[in-house]
Structures are given as structure tokens and as C-alpha cells.
Amino acid sequence: MLKLIPLGGLGEIGLNMMAVEYGDTIFVIDAGLMFPEDYMLGVDYVIPDMDYLRQNRSRVSGVILTHAHEDHIGALPFLLRDINVPVFGTPFTLGVVRHKLEEHDLLASTAMHEVLPREHLKIGPFDIEFIRVNHSIVDGVGLAIRTPVGMVIHTGDFKMSHTTMDGMLTDVNRFAQCGEEGVLALLSDSTNVEKDGHTISSQEIGAELARITEAAKGRIIVALFASNIARIQQIVNIARTRGRKIIFNGRSIEVSVSIARKLGYLEIPESMEIDIDDLNSYLDDEIIMITTGSQGEPMSALSRMAAGTHKQIKIHPDDTVILSSKFIPGNEKAIGNIINNLYRQGADVVYEKISKIHVSGHAFREELRMMINLTKPRFSCPYTASTVTWCCTPAWRRTWAFPGET
Ligand SMILES: [Zn+2]
């Protein structure tokens with residue numbers, strides 16, 4: 001009996017974690033957290049219920065990470081603190097994880113193994129193949145898990161974008177080959193199942209960002225997710241064409257940029273990047289700043305700029321602030337406050353609702369359909385962070401079990 005046991009992430013945003021079990025072997029896919037809702041006073045993080053893994057700790061063989069978003073890796077320190085198992089992931093994912101484990105004082109005690117797309121990993125009766133997927137972070141992978149009862153595909157978070165700055169396209173050939181081989185079950189990202197058609201291309205986003213930059217008279221401040229390396233590269237390229245310098249501001253951006261640069265995933269000419277302390281040596285129209293706080297996080301750089309409490313940056317009336325990310329449900333109020341405060345200080349503010357400056361990292365309906373058609377699974381199970389899944393029934397809370405003969 002093959003068991004797929006979702007420990008979090010179904011019908012909710014965040015907490016992605018799934019145990020895969022056959023005989024005496026269990027491995028875990030992702031270990032994500034969720035940031036607390038407004039009503040969860042005094043709560044810092046919400047993590048999946050890992051009791052099942054604790055009760056079966058001797059059978060847990062490893063954790064495989066699909067990508068480095070917090071809702072897929074954020075709970076890893078809490079798992080490793082209890083159960084010391086090896087961690088497998090792609091170079092950028094492990095780069096982010098290393099930094100996280102260092103903060104939790106777990107780096108020295110954790111075995112980490114780098115994997116690359118199309119490589120295979122053997123864990124007990126499982127053969128796990130990594131397949132490149134495109135997402136709003138570099139180095140994402142899906143998994144083809146060959147088990148004694150058939151192949152299970154776990155897409156990870158993905159979209160089918162064929163134009164991307166990082167060159168990391170979804171490996172449709174490999175997914176199709178898996179389809180030919182025969183797929184028992186497809187566990188697919190379903191976040192954007194409500195959205196018809198395809199995600200817009202990153203070229204369209206680039207064109208819009210370039211248009212805004214060309215029209216801007218003063219500084220441009222772009223707030224985005226620190227891990228969105230492809231978007232950062234896009235902005236760097238625009239800055240280079242317009243002769244603007246780049247400033248990175250915010251701890252998570254600096255960490256993410258440094259990991260991506262080391263791995264060669266981000267190219268920034270040395271002369272283009274300047275230090276925030278040298279800001280005043282340049283004219284306003286010579287600057288693009290990339291910063292954090294696109295979700296209205298109260299202590300973020302953007303939030304402090306909007307409140308007028310940032311040490312080095314005061315908003316100028318000619319500034320253009322671009323929020324190049326999705327408003328995650330639950331954060332709208334905090335983001336709204338920031339937008340209002342920026343307007344009050346005279347800045348022009350551009351965000352998703354009024355301009356095409358963001359594209360989702362999750363497949364829209366036609367892309368989800370394409371994944372199903374490529375892999376031709378016997379069972380299709382939507383698995384990931386979604387406000388509405390394909391089939392909202394309490395059954396999703398149960399274990400999916402596939403007996404050998406079916
Ligand atoms: Zn993700």
C-alpha cells in the first residue's frame with residue numbers, strides 16, 4: 001500500500017508538507033510554514049502538525065524540497081530539531097536553507113545533498129526523479145516518484161511560462177515521457193484553478209516595468225519577494241538600459257541576491273550596484289532601489305519608508321514605488337496602509353490592480369490542463385496552497401492510499 005499523507009497545505013495557504021510512505025519507508029516532501037492570521041495574537045509562525053512523523057521517526061528517511069519559498073521550507077528547522085534526517089534540494093534551495101539552518105543553529109548537525117533536474121535519488125523502494133519546473137523563484141523542481149505500485153508525479157509549485165529571465169523552463173518533455181511510461185497519480189499545484197487561460201508572460205511584465213521606468217522623473221523603488229530572482233534580473237537589465245544604478249535594501253533581499261550571484265543565477269555588473277550610504281551622491285533619476293515589504297510587513301524597509309521612519313530613505317514627491325508582487329490574501333489591509341502612506345508623501349504608486357507589473361508563479365487553468373494531458377494520470381489530486389481546490393471536500397484531509405492492484 002502506497003500512502004500519500006498530506007500534513008499541511010491542502011485548502012489553505014502555506015504549510016505545504018506531505019509524507020510518502022511504502023512499507024517501512026517514509027520520506028517527506030517540503031516542510032512549509034504559514035504566517036499567522038490577524039486573530040492569532042502572539043503567534044509567530046504556524047507549522048504543520050508533525051506528530052505522525054514523530055511517532056514514526058525511525059522510518060523517516062529524508063526531506064525533499066521542491067523550492068525555497070517559505071511555505072515550502074519555513075518549517076524545516078522545526079522538523080529537524082525533532083527528527084534529524086538528510087535534506088535534498090537544488091542549489092538555490094539549499095543555499096536559502098543553509099542560511100535558515102545557520103540562524104537556528106542546526107547547520108552543523110544537518111546532512112544536505114544537492115540534486116539537479118533529471119537526476120534520480122533512491123530512498124528505500126522509491127526512485128525519485130527531479131524535473132525542472134518554472135515558478136516565481138529560481139531552481140524549482142517537481143518530482144516523478146516511482147513506487148512499487150506505480151509512478152506518482154508531484155509538480156511542486158509550477159507554471160508553464162515559456163519566456164522567463166532565468167531560463168528555467170518547465171521540462172514538458174520529461175513530464176510527457178512520464179505520461180508515456182504511465183502515471184498512477186498526479187499531485188498538482190492548483191492555486192490558480194479559478195483563473196482561465198494562461199499566466200501572462202514575463203516579457204509583458206518587462207515591457208510594463210520598462211515603460212514605467214522611462215516615464216519616471218525621480219527614483220524608482222521596487223518592492224518584491226526577495227526570492228524572485230528572475231524579476232530582480234529583469235529590473236537590473238532595465239536599469240542598465242536606462243543608465244540607472246541599483247541599490248538593494250532589506251536583509252532578505254541582500255541574502256537572496258548574494259546566494260543567486262554566487263550560483264551564477266543573477267548577473268549584475270559590479271559598477272551598477274551602489275551602497276545605500278552613497279545614495280546622496282546620485283541624482284534621483286539615476287536610481288532604482290529594490291527592496292522588501294511588498295506584503296505590508298510592519299518592520300520591512302518599504303513599511304518604514306512609507307511611515308517616514310526609514311533611517312536613510314525619505315520618500316520624495318517624484319518617487320515611483322512599484323509593488324511587483326501579488327497581494328497575499330489576508331495582507332490587503334496592511335498593503336493598503338502602505339500604499340496610502342506613500343501617496344500621502346507624494347509618491348506615485350503602481351501595483352497589481354492598476355498595472356501589469358506582476359505575474360503569478362502558479363499555473364492558470366489551461367496550464368493545469370496541459371500538465372494533466374502531458375502526464376495522463378489515472379488519479380488527479382490537487383495538492384497545494386489554494387483558497388479553492390478542484391474539489392473542496394473533507395476527503396482531502398484524509399490519506400490517499402493506493403493498493404498495489406489498482
Ligand atoms: Zn512557491
Side-chain angles (χ1 to χ4, degrees), residues 6-18 28-35 45-48 63-76 87-97 99-100 117 130-143 153-161 164-166 168-171 187-195 199 202 205 224-232 252-253 255-256 259-260 265 292 294-295 324-331 352 358-364 367-368 371 382-387 389:
L7 301 173
L10 294 173
E12 59 201 354
I13 301 266
L15 300 183
N16 294 292
M17 191 175 205
M18 178 176 282
V28 179
I29 303 172
D30 290 336
L33 58 69
M34 180 169 91
F35 291 103
Y45 304 117
V46 182
I47 61 170
V63 185
I64 296 175
L65 304 171
T66 58
H67 64 288
H69 276 152
E70 278 298 302
D71 57 339
H72 292 256
I73 64 163
L76 187 64
V87 178
F88 302 88
T90 52
F92 184 80
T93 304
L94 289 192
V96 178
V97 164
H99 182 78
K100 185 176 285 295
F130 299 86
I131 305 180
R132 166 70 71 221
V133 289
N134 180 251
H135 185 38
S136 49
I137 189 167
V138 284
D139 240 357
V141 283
L143 311 172
I153 297 227
H154 184 295
T155 63
D157 289 359
F158 83 99
K159 62 176 171 174
M160 291 290 187
S161 171
T164 172
M165 293 305 298
D166 56 29
M168 296 184 182
L169 305 175
T170 297
D171 190 349
L187 313 179
S188 175
D189 182 352
S190 62
T191 307
N192 277 335
V193 67
E194 296 153 288
K195 302 212 171 119
T199 47
S202 55
I205 309 293
L224 38 65
F225 283 116
S227 56
N228 198 339
I229 300 299
R231 187 76 46 82
I232 293 176
S252 54
I253 287 266
V255 169
S256 182
I259 296 169
Y265 291 176
T292 52
S294 60
Q295 294 307 311
S324 186
S325 62
K326 173 192 162 82
F327 290 13
I328 289 182
N331 298 342
E352 194 184 21
H358 172 65
V359 56
S360 173
H362 301 273
F364 281 18
E367 295 160 86
L368 296 172
M371 180 59 83
Y383 83 89
T384 195
S386 174
T387 44
T389 56

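What you are looking at is a predicted structure, and each value in this text was computed from that prediction instead of being measured. Order of appearance sets the numbers: ligands from 1, and atoms from 1 within every ligand.
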_Among the N, O or S atoms of D157, which one sits nearest to the Zn ion (ligand 1)?_
OD2

_Minimum-distance atom from the Zn ion (ligand 1) among N, O or S atoms of H67_ = NE2

Close side-chain approach of [X] to [Y], heavy-atom, < 4.5 Å:
| X | Y | result |
| --- | --- | --- |
| S136 | R231 | no |
| I229 | S256 | yes |
| F225 | I137 | no |

*Under 2.8 Å from the Zn ion (ligand 1), is there an N/O/S atom belonging to D71?*
no

*May I have the angle between H69 ND1 and H135 NE2 with its vertex at the Zn ion (ligand 1), rounded to 10°?*
90°

*Does K195 come within less than 4.0 Å of E367, counting only side-chain N to carboxylate O?*
no

